[in-house]
Amino acid sequence: MATLTVNRPPQGGFSFENCRRNALIEGEANKVGCSLPSARKTGTTICGIVFKGGVVLGADTRATEGMVVADKNCSKIHYISPNIYCCGAGTAADTEMTTQLISSNLELHALSTGRLPRVATANRMLKQMLFRYQGYIGAALVLGGIDCNGPHLYSIYPHGSTDKLPYVTMGSGSLAAMAVFEDRYKPDMEEEEAKQLVRDAIAAGIFNDLGSGSNIDLCVISKSKVDYLRPHDEANKKGVRTGDYKYKRGTTGVLTKVVAPLDLEVVEETIQTMDTS
Amino acid sequence: HCRMGQEERTSGGGLSTTILAIEFDGGVVLGSDSRVSAGASVVNRVMNKLSQLHDKIYCALSGSAADAQTIAEVVNYQLDVHSMEIGEDPQVRSAATLVRNISYKYKEELSAHLIVAGWDRRKGGQVYATLNGLLTRQPFAVGGSGSSYVYGFVDAEYRKGMSKEECQKFVVSTLSLAMNRDGSSGGVAYLVTIDEHCTEEKVILGNDLPTFYDQPPKYP
């Protein structure tokens, strides 16, 4: 994969280096009888809205791998810069890596210009990279932020086209969320009203789309502050079981009891920390 | 993959479209609808497909949204450089040539058609079609999926020597008819009028568009 830096201009065209290797690996795997793991998609409902004084971004928190929920509480609102955040739908790895790459390049760019980065800059960087990969990077993004020219909201598609709009939705639940927006959006809303509208739009996606679920995350970006509300609304709390399958001690009568202790000694002890970040 | 009409490709975002441009004595009028679709879903119902390449040169986008937007942005950049190099405003033919060069060189990979129109000092108002990498100047040009429905109308209604107002009315009527019949065109109509003195951008909302025969038959 071509690496982007501010100093070196990106080479044109898609790099097919790894495609032959991937095909070989898939062939080997199929010979043994197993298949390659499918890419984890985020199913998803993501949306954004411009209100008076900033933008509100919203996302659900379900990540699916085929028909199974792989992560019940994944974070889909990614940091790009202190004043710009980006929601990602599509292939989870692609959205994660793309946003991290552009975030890094944007920080270098901001240091080079000496100014706060603009949302239009992030938009250009993202769309030029996605176009270069001709849609093979499956990242559909909702980019929002506030800069010297005011609040801005963009939707960016995997093939590299972008739309600049006052409200956008993306992902499998986008139709449900857009229905809510089209009904209740008004220009220049107050912050609380905007947050409620985004929450309702994501909820529409969560409850009416199989690919979206769990909780609702919000990110409110305004001139003075950024509120990263995770979770903003735990719409799907795990229920408490009302019954129990355990039988009480003494339900089954015990006839004989034999206890055989196993004397084991500790030979080697290693500690491996789990990455729970 | 966003589409703006024309050939079938895998579903995604697209500028399914009606675009047209017409020349009058002293300038040009460009018009477009505003619908961007991804498969059966409309992802943007207010997209302005008339993209500015230079002060007095605009282009109308159709086909794949990503391809068309990218071509327009690249040519915008190249025209900026070119106009600084020659020290004056670029010719419309230069802009059309830049678009044509990209469309021709990458004709297998790209799926977009741009109509370039504008005004310059030497030849006044000009309209160029750049479909598939050709470059041809025409008195008027139509494009996009909705254009198929209005070829008859434009061929019958076009008159040589129309005034600016007549051209604007012609464009708005054509767009209205196409948007009514083409499922991939709709929304609002964007109009850009370019002449020697000014460049005027206008939006005509749905209910302000002219209406034509649209009544269901009144059978008892």
Side-chain angles (χ1 to χ4, degrees), chain A residues 9-10 12-14 16 45-48 50 89-91 120-121 123-142 153-179 181-183 185 187 205 209, chain B residues 1-5 9-17 32-52 61-78 80 101-102 105-106 108-112 114 186-188 190 203 206:
Chain A
F14 180 60
F16 285 94
T45 310
I46 50 173
C47 65
V50 173
T91 312
T121 315
N123 179 52
R124 268 302 165 104
M125 288 176 165
L126 284 163
K127 73 153 33 173
Q128 283 176 351
M129 182 190 147
L130 289 173
F131 183 82
R132 198 154 31 96
Y133 284 92
Q134 287 290 291
Y136 283 98
I137 293 190
L141 310 166
V142 167
L153 187 65
Y154 291 89
S155 65
I156 306 167
Y157 292 85
H159 282 263
S161 60
T162 63
D163 291 310
K164 184 173 194 310
L165 291 164
Y167 53 95
V168 292
T169 63
M170 292 277 241
S172 52
S174 64
L175 264 56
M178 185 52 95
F181 275 163
E182 288 285 27
D183 185 31
Y185 172 81
D209 173 45
Chain B
H1 182 56
C2 299
R3 299 257 46 230
M4 283 196 270
R9 267 253 207 120
T10 50
S11 72
L15 299 170
S16 310
T17 293
S32 82
D33 73 308
S34 66
R35 181 171 289 184
V36 182
S37 59
S41 165
V42 174
V43 294
N44 188 350
R45 55 183 169 84
V46 286
M47 164 129 203
N48 190 343
K49 299 173 193 176
L50 303 174
S51 187
Q52 188 178 32
L61 315 174
S62 74
S64 150
D67 293 347
Q69 279 185 8
T70 304
I71 297 175
E73 283 165 15
V74 167
V75 172
N76 181 338
Y77 165 78
Q78 290 176 339
D80 268 351
N101 288 345
I102 299 176
K105 185 166 178 197
Y106 298 104
E108 303 302 327
E109 290 89 2
L110 294 175
S111 163
L114 275 66
V188 303
Y190 286 100
V203 183

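As a basis for the values below, the full set of heavy atoms in this structure was taken, side chains included, without hydrogen atoms, waters or symmetry mates. So that the names make sense, note that chain A is the first sequence line, chain B the second, and so on, each numbered from 1.
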Rounded to the nearest 0.5 Å, how far apart are [atom1] of [X] and [atom2] of [Y]?
| X | Y | atom1 | atom2 | value |
| --- | --- | --- | --- | --- |
| B:Ser64 | A:Tyr157 | OG | OH | 13.0 Å |
| A:Ser161 | B:Asn44 | OG | CG | 9.5 Å |
| B:Thr70 | A:Lys127 | OG1 | NZ | 6.0 Å |
| A:Asp163 | B:Gln69 | CG | CD | 6.5 Å |

### Closest contact, heavy atoms only, A:Gln134 versus B:Glu109
OE1-O, 4.4 Å
### Message
So which residue, A:Glu182, A:Gln128, A:Met178, ends up with the most heavy-atom pairs under 4.5 Å with chain B?
### Response
A:Glu182
### Query
Does the side chain of A:Ser155 reach to within under 4.5 Å of the side chain of B:Val43, using non-hydrogen atoms?
no
### Proximal component of A:Lys164, with respect to chain B [non-hydrogen, under 4.5 Å]
neither
## Note on the structure
If one checks every heavy atom of A:Ser174 against chain B at 4.5 Å, the contacting part turns out to be neither
